[in-house]
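Working notes for the structure below.
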Amino acid sequence: MQWNADFYTQKHAFVFEYGAGLVEVLAPQPGELILDLGCGSGELTAEIARRGAAVVGLDASSDMLARARQQFPDLDFRLGDAASFELPERFDAVFSNATLHWVTAADAAIRQLHRHLRPGGRLVAELGGQGNVGQIVAAVLGQLHRRGYAQAAAHWWYFPSVGEYAARLERAGFRVRLAQHFDRETALTDPETGLTDWIEQFGQQFFVGVGASDRAAVLAAVNDELRPVLFRAGQWMADYKRLRIVAEKC
Ligand code: BEZ
């Protein structure tokens, strides 16, 4: 997955804008040390710092980290993968918005989160839950299949149910204090190209091995197919289903 920081911050700022609500759940306190896992371009890391906590932003994309460092030069950003990162600190809380659904090695990531928390430390996370963007995925796969491409499910995302994710957390030594699976239709930024922008940013892997003209035809057909269901009041809406988690290291 290639992240384009310009395209992301221009077209998909809603990712961190919606994340502001999760910072409220985190409720960072002055004096706390917090890890922002999957910090992207750093906006929520900065919001956590603004509330007086010390914060480390971690991301697997050097392009996104370059943008984060450019925007917030006083903050501490580091490169690392959720499933394998090693930091010397032990944190009061780990915060993660819209990242863990990219980590298919879910148990490895959960193990790392647990290891990097101090005893009693909290995990506050939001990720795509079961059924997330189901209509978009079905339309893209359907249009690819019609043209003879054999892509199976979108295996690069992990959208778990509450039961599945809570069980993984408990097995790793977390006490799950809150687990919520809710619909949050998400308005895409551009009224014309919003759906195509979203698929091009986040669904690049649908098109591995697909030629440019078929790719354009699939995108056009998906727009036509989904317009009656996901285009409302002049805006494209993505059918997001979120999983929100608050858990504590036992
Ligand atoms: C999400 O935030 O749910 C999401 C974002 C990009 C790709 C898939 C899901």
Side-chain angles (χ1 to χ4, degrees), residues 1-23 25-26 36-45 47 58-61 63-64 67 81-83 94-106 109 123-141 144 151-162 164-165 179-190 193-208 218-219 222-223 226 229-230 235-245:
M1 170 74 191
Q2 286 296 313
W3 290 94
N4 177 328
D6 288 334
F7 191 55
Y8 177 80
T9 46
Q10 282 159 23
K11 298 282 192 171
H12 300 114
F14 60 80
V15 176
F16 51 79
E17 287 164 5
Y18 275 109
L22 194 64
V23 177
V25 177
L26 174 69
D36 179 5
L37 179 91
C39 63
S41 42
E43 284 79 4
L44 296 177
T45 324
E47 179 55 25
L58 187 83
D59 205 276
S61 160
D63 200 33
M64 296 299 270
R67 173 55 61 95
D81 183 274
V94 174
F95 171 87
S96 182
N97 178 56
T99 294
L100 288 168
H101 49 242
W102 292 104
V103 187
T104 51
L123 168 66
V124 176
E126 200 171 293
L127 63 152
Q130 192 174 60
N132 194 35
V133 291
Q135 288 172 294
I136 299 176
V137 169
V140 176
L141 288 177
L144 284 165
Q151 271 85 340
H155 55 82
W156 55 89
W157 291 324
Y158 175 54
F159 298 141
S161 68
V162 163
E164 199 177 324
Y165 213 68
Q180 208 180 4
H181 190 183
F182 58 96
D183 293 351
R184 195 201 67 208
E185 288 215 319
T186 296
L188 302 179
T189 306
D190 192 303
T193 61
L195 182 61
T196 297
D197 293 340
W198 190 95
I199 297 168
E200 290 198 319
Q201 169 91 55
F202 299 119
Q204 295 159 21
Q205 292 180 79
F206 282 118
F207 297 103
V208 172
V218 165
L219 288 169
V222 167
N223 268 262
L226 291 182
V229 273
L230 295 182
Q235 253 188 324
W236 281 104
M237 308 296 291
D239 54 328
Y240 275 27
K241 295 184 171 37
R242 319 308 292 164
L243 194 60
R244 182 174 279 191
I245 298 286

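What you see below is based on every heavy atom in this structure, not just the backbone, and it leaves out hydrogens, waters and symmetry mates. As the structure lists them, so they are numbered: ligands from 1, and atoms in each ligand from 1.
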*State, yes or no, whether a side-chain contact exists between Thr99 and Leu127 at a heavy-atom distance under 4.5 Å.*
no
*salt bridge (charged side-chain N to carboxylate O under 4.0 Å, His left out) with Asp190: which residues, sequence neighbours excluded?*
Lys11
*asked:* If you take the nearest heavy atom of each of Gln201, Lys241, His101, which one is closest to atom 4 (C) of ligand 1?
replied: His101
*Trp198 N/O under 3.5 Å from ligand 1 N/O*: no
*Return yes or no for this condition: an N or O of Trp102 is under 3.5 Å from an N or O of ligand 1.*
no
*When you check the side-chain N and O atoms of Thr45 and Glu47, is any donor under 3.5 Å from an acceptor?*
no
_Stepwise salt bridge (Lys or Arg N to Asp or Glu O under 4.0 Å) check, Arg184 with Glu126_ = CA-CA 12 Å; Arg184 195 201 67 208; Glu126 200 171 293; 3.2 Å; yes
*OG1 of Thr186 to CG of Leu230: how many Å apart, nearest 0.5 Å?*
11.0 Å
*Which atoms of ligand 1 are found less than 4.0 Å from any heavy atom of Arg242?*
1 (C), 2 (O), 3 (O)
*If you count the atoms of ligand 1 from 1 in the order shown, which ones are under 4.0 Å from a heavy atom of Trp157?*
7 (C), 8 (C)
*Would you please determine whether Asn132 falls within less than 4.0 Å of ligand 1 on a heavy-atom basis?*
yes
